[in-house]
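Notes follow the structure.
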2 protein chains.
Amino acid sequence: MDPKPQTALNTAGVDSRKAPARRGRPPKRAQAPDTSETILDVAEDLFSKHGFYGVTIREVAREAGVDTALVHYYFGAKRGLFDAVFLRRAEILNADRMAALERYEREAGDDLTVEGVINAFLQMTLEWGEKGGPGWKHYFALVAQANANPVWGGETMTRYFDPVVYRMIELLKRAMPGAPGEALFWAYHNLSGALTLTLGETGRLDRLSGGVCRSGDLPTAYDNMARFAAAGFRALCARN
Amino acid sequence: MDPKPQTALNTAGVDSRKAPARRGRPPKRAQAPDTSETILDVAEDLFSKHGFYGVTIREVAREAGVDTALVHYYFGAKRGLFDAVFLRRAEILNADRMAALERYEREAGDDLTVEGVINAFLQMTLEWGEKGGPGWKHYFALVAQANANPVWGGETMTRYFDPVVYRMIELLKRAMPGAPGEALFWAYHNLSGALTLTLGETGRLDRLSGGVCRSGDLPTAYDNMARFAAAGFRALCARN
DNA sequence: GTCTATAAGATGATAGAC
DNA sequence: GTCTATCATCTTATAGAC
């Protein structure tokens with residue numbers, strides 16, 4: 001029923017990510033872009049564009065060059081495929097973001113700043129967005145839509161991404177001693193909206209600005225987002 | 001083929017909105033919650049929860065208590081139904097927001113402030129969200145998802161909502177003389193993300209904060225959003 | 001305006017051969 | 001692991017009666 005459990009999916013090779021130096025016994029199927037990864041890549045692309053109900057198993061199978069039965073063989077029901085897509089990069093991203101926050105904490109010592117924490121929090125989405133290839137772009141577009149979904153969005157985002165948010169808020173509390181917890185949560189809510197809109201790269205800003213600003217210009221987008229959010233956090237957390 | 005053109009849809013009664021004092025000849029079918037409005041209400045609810053592909057004409061018809069053929073009779077293809085849902089409140093909202101900005105412009109005279117402009121921009125989404133009933137909540141959830149959609153989101157948001165954004169940016173230029181146009185667009189991008197996440201009321205913040213903050217507490221959400229965004233606009237637009 | 005009936009095709013999922 | 005074949009169901013959409 002479940003020949004390839006979801007929790008093991010992320011151990012397979014991920015496009016564009018350099019494999020660490022090999023130690024001990026080689027992981028299973030480490031040599032080639034295997035079939036299940038191809039299916040996940042195709043599903044990720046299609047789900048990110050058309051949503052869960054807008055994609056058929058047949059389309060995924062056709063684009064991946066396999067039969068529909070094989071998709072069911074690997075992932076069970078359609079929902080299983082979707083969950084596997086969501087989980088694959090979530091685990092990588094979470095580990096990376098947590099490491100970035102901890103690296104910043106170490107390097108900053110007692111001189112934590114709001115800007116520094118926010119930059120550390122945003123750093124890995126910028127890096128994967130810039131250097132992760134189309135797979136990561138599709139994934140981020142999927143996360144952006146999950147964040148906006150009123151039915152399962154809140155629950156999904158909480159389940160996958162809250163731990164790293166708590167870690168960031170913890171550091172922000174040290175950067176702004178005395179900041180009310182409520183204000184930190186509300187400020188994060190605003191940053192979260194800005195971040196997921198940026199992740200989506202929907203092109204709206206391009207049209208609105210007549211081409212002056214580009215959704216795909218991630219360094220500029222993140223620089224502006226970080227400065228906007230830092231000022232916003234300060235404004236909400238200042239005692240008055 | 002099109003017995004009820006889309007541009008006329010919004011002239012029918014909208015739930016929860018008080019009709020203005022009647023003048024001249026009464027509008028067609030002003031007396032009852034007519035069938036096509038019921039269909040739109042049901043479709044709005046379902047589309048906002050499950051997206052375009054996640055809703056079937058049969059579901060809409062069943063919930064509305066009519067036959068599927070009647071849905072096609074009023075709105076043509078499924079896409080026509082979706083567009084009609086989207087357009088109905090967009091026209092109302094645009095007129096209201098534009099009026100709110102112009103009212104603020106008149107009242108503020110030469111003393112325009114960043115906070116004032118942002119509050120005027122946000123005012124009507126807060127009011128309809130608070131007092132518009134479930135129909136407006138569903139509509140806002142739908143807009144939130146449109147804003148996050150990478151395929152048609154950018155184009156859709158531009159088409160429906162850009163005029164009022166240009167008006168706001170124009171006023172912000174007067175509140176912050178010398179602000180670079182690029183910075184204003186990037187700042188708006190961040191506000192737009194925060195606003196649509198707020199509109200979605202996905203409940204994520206409730207879980208994240210352990211109940212301390214509530215997505216449905218709109219006055220608090222808008223107050224924090226306005227202060228967050230005002231500080232963000234100032235930070236990005238300051239000459240340095 | 002509203003319904004019945006139905007066309008014409010797509011869908012998720014599985015059993016079983018290789 | 002991979003494919004063929006197939007089931008039972010659901011889908012959008014329309015023609016035509018009332």
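Naming convention: chains lettered A, B, ... in sequence-line order (proteins, then strands); numbering from 1 in each chain. Please read all numbers here as calculations on a predicted model, not as lab measurements.
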- Item | d(CG, A:D67; P, D:dC3) in whole Å | 6 Å
- Message: Nearest whole Å is fine: how far is D:dT11 P from B:K78 NZ?
- Response: 9 Å
- Query: Roughly, in whole Å, what's the span from CZ in A:F75 to P in C:dA13?
  - Reply: 14 Å
- Query: Starting at CZ of B:R62 and ending at P of D:dT11, how long is that distance when rounded to a whole Å?
  - Reply: 9 Å
- Message: Does A:V55 reach a base, just sugar-phosphate, or nothing at all? Heavy atoms under 4.0 Å.
- Response: sugar-phosphate
- Query: Judged by atom type as modelled, is there a donor-acceptor pair below 3.5 Å linking the side chain of B:Y166 to the main-chain atoms of A:L208?
  - Reply: yes
- Task: Under 4.0 Å between any heavy atoms, over every strand shown, what does A:I57 touch: base, sugar-phosphate, or nothing? Just pick one.
- Result: sugar-phosphate
- Message: Using whole Å, what does the distance between atom C1' of nucleotide C:dT11 and atom CG of A:L46 come to?
- Response: 16 Å
- Choose from C:dC3, D:dT6, C:dT2 the nucleotide whose nearest atom is closest to any side-chain atom of B:Y74. C:dT2
- Task: Determine, for B:E155 against A:R204, whether the closest basic-nitrogen to carboxylate-oxygen distance falls under 4.0 angstrom.
- Result: no
- Message: Taking 4.0 Å as the cut-off, does a side-chain nitrogen or oxygen of B:Y73 come that near to OP1 or OP2 on D:dT14?
- Response: no
- Query: Do any side-chain nitrogens or oxygens of B:T35 fall under 4.0 Å of OP1 or OP2 in C:dT2?
  - Reply: yes
- Task: Name the closest nucleotide to the B:T68 side chain, picking from C:dA13, D:dA13, C:dT11.
- Result: D:dA13
- cation_pi(A:R89, A:W128) dist<6.0 Å, angle<=45: no
- Query: To the nearest angstrom, how far is B:L70 atom CG from C:dT4 atom C1'?
  - Reply: 13 Å
- How many Å lie between CZ on A:R58 and P on D:dA5, as a whole number? 14 Å
- Is the number of heavy atoms from other residues, nucleotides or ligands within 6.0 Å of CZ (A:R159) greater than 12? yes
- Query: Does A:Y222 reach the side chain of A:T125, with side-chain heavy atoms less than 4.5 Å apart?
  - Reply: yes
- Let me know the distance between CG of B:L81 and C1' of D:dT11, rounded to the nearest Å. 15 Å
- Query: Choosing from C:dA13, C:dG12, D:dC3, which nucleotide comes nearest the side chain of A:A77?
  - Reply: C:dA13
- Message: If you compare every side-chain N and O of A:H72 against the phosphate oxygens of C:dT14 (OP1, OP2), does one of them come in below 4.0 Å?
- Response: no
